[in-house]
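This report refers to the structure that appears directly beneath it.
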Protein chains: 2
Amino acid sequence: MVQYGSSPLDLSFAALSDATRRGIIDQLGRGDESITSLADKFQMTLTGMKKHVQVLERAGLVVTQKVGRVRTCRLGKRGLKAEAAWIEAHRKLFEARFEALDDIISEMKQEGSDDSAS
Amino acid sequence: MVQYGSSPLDLSFAALSDATRRGIIDQLGRGDESITSLADKFQMTLTGMKKHVQVLERAGLVVTQKVGRVRTCRLGKRGLKAEAAWIEAHRKLFEARFEALDDIISEMKQEGSDDSAS
DNA sequence: TATACACTGAACTATATGGTTCAGTATGGA
DNA sequence: TCCATACTGAACCATATAGTTCAGTGTATA
């Protein structure tokens with residue numbers, strides 16, 4: 001039996017699965033921003049933006065700091081190392097599979113029956 | 001205003017945000033599997049496993065083919081290229097930010113007020 | 001001091017996710 | 001032919017997500 005507990009990757013990949021949040025990361029790559037300016041840029045309520053930022057923060061991708069009444073958001077120091085590592089390791093897995101099985105696969109496709117059924 | 005539509009990355013990052021599904025990819029890297037054998041290995045009902053496989057399939061990470069009564073799952077040809085590309089591009093963004101701002105940040109930390117408030 | 005600004009939190013909506021059970025359908029083998 | 005196997009689909013549950021509105025709190029500033 002294979003057992004997998006939940007991990008930090010759960011949080012970061014989930015954070016990255018939303019286009020708005022990937023956009024926020026793009027934006028913060030260009031410079032720090034307040035919640036308000038992000039909300040403006042993404043045409044969203046303050047509250048909505050705050051939630052997105054919280055998701056990114058829980059994932060460690062973004063760090064925030066409140067000074068006065070302004071909360072400033074910037075990219076988190078931990079970066080995307082763990083995610084890059086997982087993806088790279090598995091990208092190789094995919095490729096290894098295809099080097100080994102390329103011809104077998106096309107062979108299977110020939111004799112294939114149902115394929116792609118619901 | 002910054003506008004981001006939904007993209008294939010939404011589906012693949014969401015697919016990767018679950019430890020079971022990342023485990024399935026690990027497993028398929030070692031060889032093709034039927035839904036039943038995956039369900040056994042991950043101690044889950046057939047129906048539950050089928051759903052996970054469908055999520056991976058919609059994301060293009062896994063391909064399935066039904067022959068007789070067995071549906072065989074294998075890694076999808078499209079692999080993790082797009083995901084790797086996004087992560088790599090942004091990993092550089094993170095690093096660039098820190099090279100430029102490392103000292104400014106630690107300076108901000110000194111004078112910081114609230115930090116890490118809810 | 002009064003006002004405007006930036007955020008925060010609670011509450012609500014609609015939809016998705018991760019899982020189950022149960023009742024099928026279709027296939028392979030004795 | 002009969003039975004077990006492998007999957008499929010519908011229905012249900014609990015929880016999470018993406019967004020909203022509304023009613024605050026705390027901070028700058030005129």
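Naming: A, B, ... by sequence-line order, numbering from 1 per chain.
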Interatomic distance, [X] [atom1] vs [N] [atom2] [rounded to whole Å]:
{"X": "Ile24(A)", "N": "dG19(D)", "atom1": "CD1", "atom2": "C1'", "result": "13 Å"}
{"X": "Leu11(B)", "N": "dT17(D)", "atom1": "CG", "atom2": "C1'", "result": "15 Å"}
{"X": "Arg22(B)", "N": "dG18(C)", "atom1": "CZ", "atom2": "P", "result": "11 Å"}
{"X": "Phe42(A)", "N": "dA18(D)", "atom1": "CZ", "atom2": "P", "result": "14 Å"}
{"X": "Asp10(B)", "N": "dT17(D)", "atom1": "CG", "atom2": "P", "result": "15 Å"}
{"X": "Gln54(B)", "N": "dG9(D)", "atom1": "CD", "atom2": "C1'", "result": "10 Å"}
{"X": "Leu46(A)", "N": "dG24(D)", "atom1": "CG", "atom2": "P", "result": "18 Å"}
{"X": "Lys50(B)", "N": "dT20(C)", "atom1": "NZ", "atom2": "P", "result": "15 Å"}

Original post:
Checking all strands, does Ile35(B) fall into the base, sugar-phosphate, or nothing category for heavy-atom contacts under 4.0 angstrom?
Top reply: sugar-phosphate

**OP:** Report which part of the nucleic acid Ser34(A) touches: base, sugar-phosphate, or nothing (heavy-atom distance under 4.0 Å, all strands).
**Re:** sugar-phosphate

**OP:** From the options dG9(D), dG18(C), dT21(D), select the nucleotide whose nearest atom is closest to the side chain of Thr45(A).
**Re:** dT21(D)

Subject >> Minimum-distance nucleotide (side-chain atoms of Arg71(B) versus dT21(D), dT8(D), dA18(D)) >> reply: dT8(D)

Subject >> No-hydrogen, no-angle side-chain donor-acceptor test under 3.5 Å, Thr72(A) and Gln65(A) >> reply: no

Original post:
Side chains of Asp10(A) and Ser17(B): closer than 4.5 Å at any heavy-atom pair?
Top reply: no

**OP:** Please check if the side chain of Arg58(A) supplies one atom and the backbone of Ala15(A) the other of a donor-acceptor pair under 3.5 Å.
**Re:** no

**OP:** For Ala14(A) and for Met49(A), find the nucleotide of DNA chain D with the closest heavy atom, then tell me which residue's nucleotide is more 5'.
**Re:** Ala14(A)

**OP:** Take Lys51(A) and Arg69(A), find for each the nucleotide of DNA chain C with the closest heavy atom, and name the residue whose nucleotide sits nearer the 5' end.
**Re:** Arg69(A)

Subject >> Arg58(B) vs Met44(B), nearer the 5' end of DNA chain C by closest nucleotide >> reply: Arg58(B)

Original post:
Shortest non-hydrogen contact from Gly79(B) to Leu61(B)?
Top reply: O-CD2, 3.6 Å

Subject >> Atom of Leu93(A), atom of Ile25(B) and distance for their closest heavy-atom approach >> reply: CD1-O, 4.4 Å

Original post:
Looking at Arg21(B), does any N or O in its side chain come under 4.0 Å of the phosphate oxygens OP1/OP2 on dT17(C)?
Top reply: no

Original post:
Going by modelled atom types, is there a donor-acceptor pair between the base of dG9(D) and the side chain of Thr47(B) at under 3.5 Å?
Top reply: yes

